[in-house]
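Structure, as structure tokens:
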Amino acid sequence: MKNILITGGAGFIGSHVVRLFVNKYPEYNIVNLDALTYAGNLANLKDIESAPNYTFIKADICDYERMCDLMQEHAIDGVIHLAAESHVDRSIKDPFTFARTNVMGTLSLLQAARQYWNGDWQGKLFYHISTDEVYGALELDKPEEPAPYGSEFFLETTKYNPHSPYSASKAASDHFVRAYHDTYGMPTLVTNCSNNYGPYQFPEKLIPLFINNIRRGKPLPVYGKGENVRDWLYVVDHARAIDTIFHQGKVGDTYNIGGFNEWKNIDIVKVLIKTVDKLLGNPAGHSDHLITFVTDRAGHDLRYAIDSTKLKNELGWEPSLQFEEGIEKTVRWYLDNQEWMDNITSGEYEKYYKDMYQNRS
Ligand code: NAD
Ligand code: DAU
């Protein structure tokens, strides 16, 4: 494959995937297609923006005619589809936008690829990036003991049971991708990954939001009692997994991606406080008072835990970073890149965040 379309490449995970592919595969033309919604930011790609094998196109995946034209214009052989509305809290406020982009946008892209490839599947691939949230929520069997907090994990065979408008829209998009494989024979792949963290994540998500609030001495709004469990993976390891699966994955298959790294939210918050205080030279416990328990998220899934044994056994992928190392790296990055953060958190977003916070506290 030579011409690769990456959608959502100006977002958090997409920017890491674009960077990896542009640097690692000079023989590929990488076309980054992104609508630059509030979550898309070309500053995430400053270091590779003038690479000869990189092109950026501002476009909306829901614009079917445009998708058809672009597939042809750039002679696209492979699609790595990350563009989506990605934040659960926003999906609770505005589900229509999620159905539009995640369901209709994915369908529009699938149909444009099908139309352009026209049944000649040789050397073609449509790779769809999805989430562990489609599987629903797991129980906490042993809440008082260290992780794993339960005996059950999400497997590739786990039945879909989404609860939020976000996860419902991602589930629908996954079904469409598989339907294009089963109905038309389109070569597709789907991966379902756990929570990502790392540089360039939009600060509405737990980790960058809390790092920034600790730095600014602002409250840390912990939903409910902070007992929900998430399974965290360093974003560069997700990008590495995408690279491995794109090149070696079995067409038509599904792979779960995760690092067996479960944390209760409240414990993550404590690690973040400790790390930020340490790096800022504050005394231990300096920011503990910022923890503020607020109204829980509606339909808040209790526990996510991915079993990625299949990916390890079949394709040899494993995370490269331990969590402690990844978190310290991440906190350092946000503290060293305050301008990136301040550019995002001023203006429009500040107003959104104030409303969001006031509605919860
Ligand atoms: P993000 O919100 O940071 O980025 C999404 C990108 O998509 C943005 O650049 C945005 O401008 C673009 N976009 C949105 N609507 C678009 C449209 N209609 N047309 C074109 N571009 C559009 O999201 P992320 O966290 O990087 O997630 C990327 C993908 O990975 C999503 O599909 C998400 O469901 C999936 N995922 C995310 C995580 C996670 O922890 N963040 C985990 C597993 C899977
Ligand atoms: O599991 C993969 C998913 O992870 C991705 O598919 C989503 O795109 C991504 O946003 C993420 O979803 P979460 O809802 O798990 O991530 P978020 O960072 O929003 O929240 C993590 C946990 O922290 C969750 O249990 C809610 C809680 N939380 C979050 C915020 C923003 C708080 O307690 N307070 C907060 O202010």
Side-chain angles (χ1 to χ4, degrees), residues 6-18 32-42 44-45 57-63 66-67 80-92 97-98 100-102 104-106 108-109 128-135 137 154 164 166-167 169-170 173-174 191-198 200-210 213 219-233 235 238-239 242 257-258 263-266 268-269 291-297 300-306 353 356-357 360:
I6 300 181
T7 70
F12 166 49
I13 302 171
S15 63
H16 288 277
V17 176
V18 167
N32 171 14
L33 185 158
D34 197 297
L36 297 182
T37 67
Y38 79 94
N41 185 355
L42 289 177
N44 297 357
L45 289 165
I57 294 168
K58 184 173 186 302
D60 184 339
I61 53 167
C62 299
D63 183 346
R66 184 97 197 271
M67 292 308 107
I80 305 180
H81 175 38
L82 296 108
E85 289 292 335
S86 69
H87 191 43
V88 174
D89 293 326
R90 285 186 192 252
S91 81
I92 294 167
T97 303
F98 282 69
R100 179 186 179 275
T101 292
N102 298 359
M104 291 309 290
T106 300
S108 147
L109 204 57
H128 175 62
I129 307 301
S130 192
T131 170
D132 59 359
E133 300 201 9
V134 297
Y135 296 125
F154 295 137
S164 72
Y166 163 68
S167 52
S169 68
K170 289 297 290 188
S173 65
D174 296 8
T191 53
N192 299 86
C193 187
S194 62
N195 284 62
N196 285 213
Y197 70 96
Y200 301 112
Q201 187 167 29
F202 195 84
E204 62 190 345
K205 307 283 166 64
L206 181 79
I207 289 184
L209 172 69
F210 279 31
N213 283 9
L220 307 176
V222 177
Y223 297 167
K225 294 181 180 156
E227 281 171 350
N228 301 66
V229 171
R230 295 292 181 266
D231 181 357
W232 294 94
L233 181 69
V235 63
H238 188 188
I242 290 172
I257 309 173
W263 285 76
K264 281 187 190 162
N265 290 342
I266 191 66
I268 289 266
V269 174
I291 294 179
T292 310
F293 293 96
V294 298
T295 310
D296 207 352
R297 175 184 278 174
H300 197 173
D301 287 335
L302 185 56
R303 170 177 172 247
Y304 301 144
I306 275 277
Y353 180 69
M356 190 66 129
Y357 182 70
R360 289 195 180 280

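Every number for a ligand or one of its atoms is a count from 1 in the order of the listing.
Aromatic ring orientation, H16 versus F12: perpendicular (interplanar angle above 60°, classes split at 30° and 60°).
The two residues G11 and D34 come nearest to each other via the heavy atoms N-OD2, 3.7 Å. Contact detail for A10 and L36: the closest heavy-atom pair is CB-CD2, 3.6 Å. For D60 against R100, the heavy-atom pair with the smallest separation is OD2-NH2, 2.8 Å. T101 approaches I61 most closely through the heavy-atom pair O-CD1, 3.6 Å.
The N/O atoms of L33, backbone and side chain alike, include none that comes under 3.5 Å of an N/O atom in ligand 1. Remark: ligand 1 and T131 share no N or O pair separated by less than 3.5 Å (distance only, no angle test). The shortest N/O to N/O separation between K170 and ligand 1 falls below 3.5 Å. The shortest N or O to N or O distance between E85 and ligand 1 is not below 3.5 Å. Polar contact with ligand 1: absent for Y38 (N/O pair, distance under 3.5 Å). Between R100 and ligand 1, a contact under 3.5 Å exists for no N or O pair. Checked by distance only, ligand 1 and L82 come closer than 3.5 Å through their nitrogen or oxygen atoms.
Among protein heavy atoms, atom 4 (O) of ligand 1 sits closest to G11 CA, 3.4 Å. For atom 2 (O) of ligand 1, the nearest non-hydrogen atom of the protein is S86 OG, 2.7 Å. Looking from atom 21 (N) of ligand 1 to the surrounding protein, the closest heavy atom is A35 N, 3.1 Å. Ranking the protein heavy atoms by distance from atom 25 (O) of ligand 1 puts F12 CD2, 3.8 Å first. For atom 44 (C) of ligand 1, the closest non-hydrogen atom on the protein side is S130 O, 3.2 Å. Of all protein heavy atoms, the one lying nearest to atom 43 (C) of ligand 1 is C193 O, 3.4 Å. Protein heavy atom closest to atom 40 (O) of ligand 1, with residue, atom name and distance, is N196 N, 2.9 Å. Looking from atom 11 (O) of ligand 1 to the surrounding protein, the closest heavy atom is D34 OD1, 2.5 Å.
Remark: distances from the non-hydrogen atoms of G9 to ligand 1 are all 4.0 Å or more. A heavy-atom separation below 4.0 Å is not found between G105 and ligand 1. Remark: distances from the non-hydrogen atoms of T7 to ligand 1 are all 4.0 Å or more. Residue contact check for ligand 1: Y166 places a non-hydrogen atom closer than 4.0 Å to it.
Here Y166 contributes atom OH and I92 contributes atom CD1; the two are 12.5 Å apart, rounded to the nearest 0.5 Å. T97 contributes atom OG1, which lies 6.0 Å from atom CD of E85 (distance to the nearest 0.5 angstrom).
Applying the side chain to side chain donor-acceptor pair (under 3.5 Å) test to E227 and every residue at least two apart in sequence or in another chain returns nothing.
Heavy atoms from both the backbone and the side chain of D60 come within less than 4.0 Å of ligand 1.
Taking the ring centre of Y38 as origin, the terminal cationic atom of R90 falls inside the region bounded by 6.0 Å and 45° from the ring axis.
Of all atoms in ligand 1, numbered sequentially from 1 with element shown, those under 4.0 Å from a heavy atom of A59 are 19 (N), 20 (C). The L36 neighbourhood of ligand 1 comprises atoms 11 (O), with distances under 4.0 Å to a heavy atom of that residue. Taking a cut-off of under 4.0 Å to the non-hydrogen atoms of N195, the atoms of ligand 1 that pass are 40 (O).
A side-chain N or O of S130 and one of D174 form a donor-acceptor pair less than 3.5 Å apart. N213 and Y357 form no side-chain donor-acceptor contact under 3.5 Å, judged by distance and modelled atom types alone. Between the side chains of H128 and T106, no donor-acceptor pair of N or O atoms lies under 3.5 Å.
For atom 7 (O) of ligand 1, the candidate residues are S108, S15, A84, S194; the nearest heavy-atom contact is made by A84. Compare G14, G40, A83 by their heavy atoms: the one nearest to atom 22 (C) of ligand 1 is in A83. The option from N44, I13, N41 that lies nearest to atom 41 (N) of ligand 1, judged by heavy atoms, is I13. One option in I129, T191, L233 has a heavy atom closer to atom 35 (C) of ligand 1 than any other, and that option is I129.
A salt bridge links R297 with D89; the closest basic N to acidic carboxylate O contact falls under 4.0 Å. Using a cutoff of 4.0 Å between basic side-chain nitrogens and carboxylate oxygens, K170 and D132 are not scored as salt-bridged.
With a 6.0 Å radius and a threshold of 12 heavy atoms from other residues, nucleotides or ligands, M356 has its CE atom above the threshold.
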Output block, N or O contacts of ligand 2, threshold 3.5 Å exclusive:
unit_1, atom_1, unit_2, atom_2, d
ligand 2, 1 (O), D132, OD1, 2.5
ligand 2, 1 (O), N195, OD1, 2.7
ligand 2, 4 (O), N195, OD1, 3.4
ligand 2, 4 (O), N195, ND2, 3.1
ligand 2, 6 (O), T131, OG1, 2.7
ligand 2, 6 (O), Y166, OH, 2.6
ligand 2, 8 (O), S86, O, 2.7
ligand 2, 8 (O), Y166, OH, 3.1
ligand 2, 10 (O), S86, O, 3.2
ligand 2, 12 (O), E133, OE2, 2.8
ligand 2, 14 (O), R297, NH1, 2.6
ligand 2, 14 (O), R297, NH2, 3.4
ligand 2, 15 (O), N195, ND2, 2.9
ligand 2, 15 (O), R230, NE, 2.8
ligand 2, 18 (O), L206, N, 2.8
ligand 2, 19 (O), R297, NH2, 3.0
ligand 2, 23 (O), N265, ND2, 3.4
ligand 2, 25 (O), R230, NH2, 3.3
ligand 2, 25 (O), N265, ND2, 2.8
ligand 2, 25 (O), H300, NE2, 2.7
ligand 2, 33 (O), Y223, N, 2.9
ligand 2, 34 (N), P221, O, 2.7
ligand 2, 36 (O), P221, O, 3.4

